[in-house]
Structures are given as structure tokens and as C-alpha cells.
Peer 1: 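Sharing a structure with you now.
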Amino acid sequence: MPNATNAKVLDRRDLTGPALRTFFRIADAWGLQEQEQMRLLGLESRSTFQSWKRGAVSTISRDALERISYVMGIYKGLHILLPKTADQWVRKPNAAKTFGGRSALDRMTSGNVADLYVVRQYVDAQRG
């Protein structure tokens with residue numbers, strides 16, 4: 001009988017491919033540069049990033065999956081709120097207190113997973 005740790009590894013392994021493919025589609029839609037993508041994923045190594053982009057990885061970390069989950073939620077929420085301009089919104093300066101005149105992408109690419117959470121919460125709150 002598999003233990004809980006093995007189940008978590010299997011879950012991450014099952015989620016890795018679809019999560020990365022979805023992330024890279026969103027990155028394309030948002031017009032993200034490689035460095036921006038790496039910051040969103042919490043990566044410092046360009047070679048690791050390139051491996052992930054090629055799909056040459058079997059399992060990514062829980063942190064990376066959490067980050068991708070936030071990005072997916074932000075993307076989905078924006079497409080519900082702003083169907084025509086959702087993909088441009090992430091780069092536009094925002095006067096909301098959360099962003100202080102900077103763009104959501106500036107906040108999201110800080111390197112802190114907490115900033116992805118804050119942007120996701122903001123988008124969800126705007127949806128009501």
C-alpha cells in the first residue's frame with residue numbers, strides 16, 4: 001500500500017506536464033520574457049527553465065505547482081472579468097493600493113509566492 005508521501009509524489013508527477021504546458025501557454029498569451037517566466041516559476045537556473053520548457057522534467061516542486069496554480073487562477077479570473085483585454089491587463093499600471101501604480105506583473109515577478117497570492121486575491125475580489 002503506498003504511503004502518503006508516495007501519493008504526493010505521484011500527484012505532482014501527474015500534474016507536472018499539464019501544469020507546465022498550461023503555464024507556457026499563459027506566458028505566451030501575456031507576452032512574457034524568459035526572465036519574467038523564470039521569476040513567476042521561482043527559478044534562478046536558466047538550464048532548469050529550459051528543461052522545463054522542453055518538457056524534460058518528470059516532477060516539479062510543490063512551490064512551482066503552487067505558483068502555476070496562482071498564475072492559472074489569475075489568468076482565468078481576468079478572462080472572466082475582462083474578456084477582451086485580460087492578457088494586456090497584467091502589464092498595465094494599476095492605481096489600486098495593492099499595486100501602487102505599478103503593474104500586476106511587476107508585483108507577480110517579485111520572486112515571492114506571496115505576491116502571486118495577493119494578485120490572485122485581488123482578481124478574485126474584483127469578480128465578487
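Numbers here are sequence positions counted from 1.
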Peer 1: Would you indicate whether Tyr117, at its atom OH, is surrounded by more than 12 heavy atoms from other residues, nucleotides or ligands within a distance under 6.0 Å?
Peer 2: no
Peer 1: Got a second to check how far Gln35's CD is from Phe49's CZ, nearest 0.5 Å?
Peer 2: 9.0 Å
Peer 1: Show the numbers, then the answer: is there a side chain to side chain contact (heavy atoms under 4.5 Å, CB included) between Gln37 and Lys53?
Peer 2: CA-CA 10 Å; Gln37 294 176 51; Lys53 195 159 185 171; 4.1 Å; yes
Peer 1: Tell me whether Arg12 contacts the main-chain N or O of Ile60 through its side chain, where contact means a donor paired with an acceptor under 3.5 Å.
Peer 2: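 Flag set: sc Arg12 to bb Ile60 pair under 3.5 Å.
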Peer 1: Counting only N and O atoms by type, is there a donor-acceptor contact under 3.5 Å from the side chain of Asn112 to the main-chain atoms of Ala114?
Peer 2: no
Peer 1: Got a second to check how far Arg54's CZ is from Gln50's CD, nearest 0.5 Å?
Peer 2: 6.5 Å
Peer 1: Nearest 0.5 angstrom please: Ile74 CD1 to Leu116 CG, how far?
Peer 2: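 Result: 5.5 Å between the selected atoms.
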Peer 1: To check you understand the geometry: which heavy-atom pair defines the closest contact between Leu81 and Val123, and what is its length?
Peer 2: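 What the structure gives for the nearest pair is CD1-O, 3.8 Å.
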Peer 1: Compare all side-chain heavy atoms of Phe23 with those of Leu40 and state whether any distance is below 4.5 angstrom.
Peer 2: yes
Peer 1: Taking all non-hydrogen atoms of both residues, which atom of Ala64 and which atom of Ser61 are closest, and how far apart?
Peer 2: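 For Ala64 and Ser61, the tightest heavy-atom pair comes out as N-OG, 3.0 Å.
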Peer 1: If you round to the nearest 0.5 Å, how far is CG of Leu105 from OG of Ser110?
Peer 2: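 The distance works out to 10.5 Å.
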Peer 1: Are the side chain of Arg107 and the backbone N or O of Thr98 linked by a donor-acceptor pair below 3.5 Å?
Peer 2: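 It does hold such a pair.
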Peer 1: Mind checking side-chain contact (heavy atoms from CB on, under 4.5 Å) for Ala29 and listing every partner two or more places apart, or none if nothing turns up?
Peer 2: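 Expected list: Tyr75, Asp87.
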Peer 1: Group every Ile, Leu, Val, Met, Phe, Trp and Tyr by side-chain heavy-atom contacts under 4.5 Å, then state whether Ile80 and Trp30 land in the same group.
Peer 2: no
Peer 1: Side chains of Met72 and Ser69: does their closest heavy-atom pair fall under 4.5 Å?
Peer 2: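 No; the side chains remain at least 4.5 Å from each other.
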Peer 1: Is any side-chain heavy atom of Phe99 closer than 4.5 Å to a side-chain heavy atom of Asp106?
Peer 2: no
Peer 1: What are the two closest non-hydrogen atoms of Pro93 and Gly101, and how far apart are they?
Peer 2: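 Minimum heavy-atom separation between Pro93 and Gly101: CB-O, 3.3 Å.
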Peer 1: Which is it for Val57 and Thr48 under the side chain to side chain contact (heavy atoms under 4.5 Å, CB included) test, yes or no, and what are the steps along the way?
Peer 2: CA-CA 9 Å; Val57 59; Thr48 299; over 6 Å; no
Peer 1: What about Tyr122 and Tyr70, are their ring centers closer than 6.0 Å?
Peer 2: no
Peer 1: Just verifying a value: how many Å separate Trp52 CH2 and Met38 CE, rounded to the nearest 0.5 Å?
Peer 2: 10.0 Å
Peer 1: Given Met108, which partner from the list Val118, Asp115, Val113, Val90 fulfils the side chain to side chain contact (heavy atoms under 4.5 Å, CB included) test?
Peer 2: Val90
Peer 1: With rounding to the nearest 0.5 angstrom, report the CZ to CD distance, Arg39 to Gln33.
Peer 2: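 Taking CZ in Arg39 and CD in Gln33, the distance rounds to 14.5 Å.
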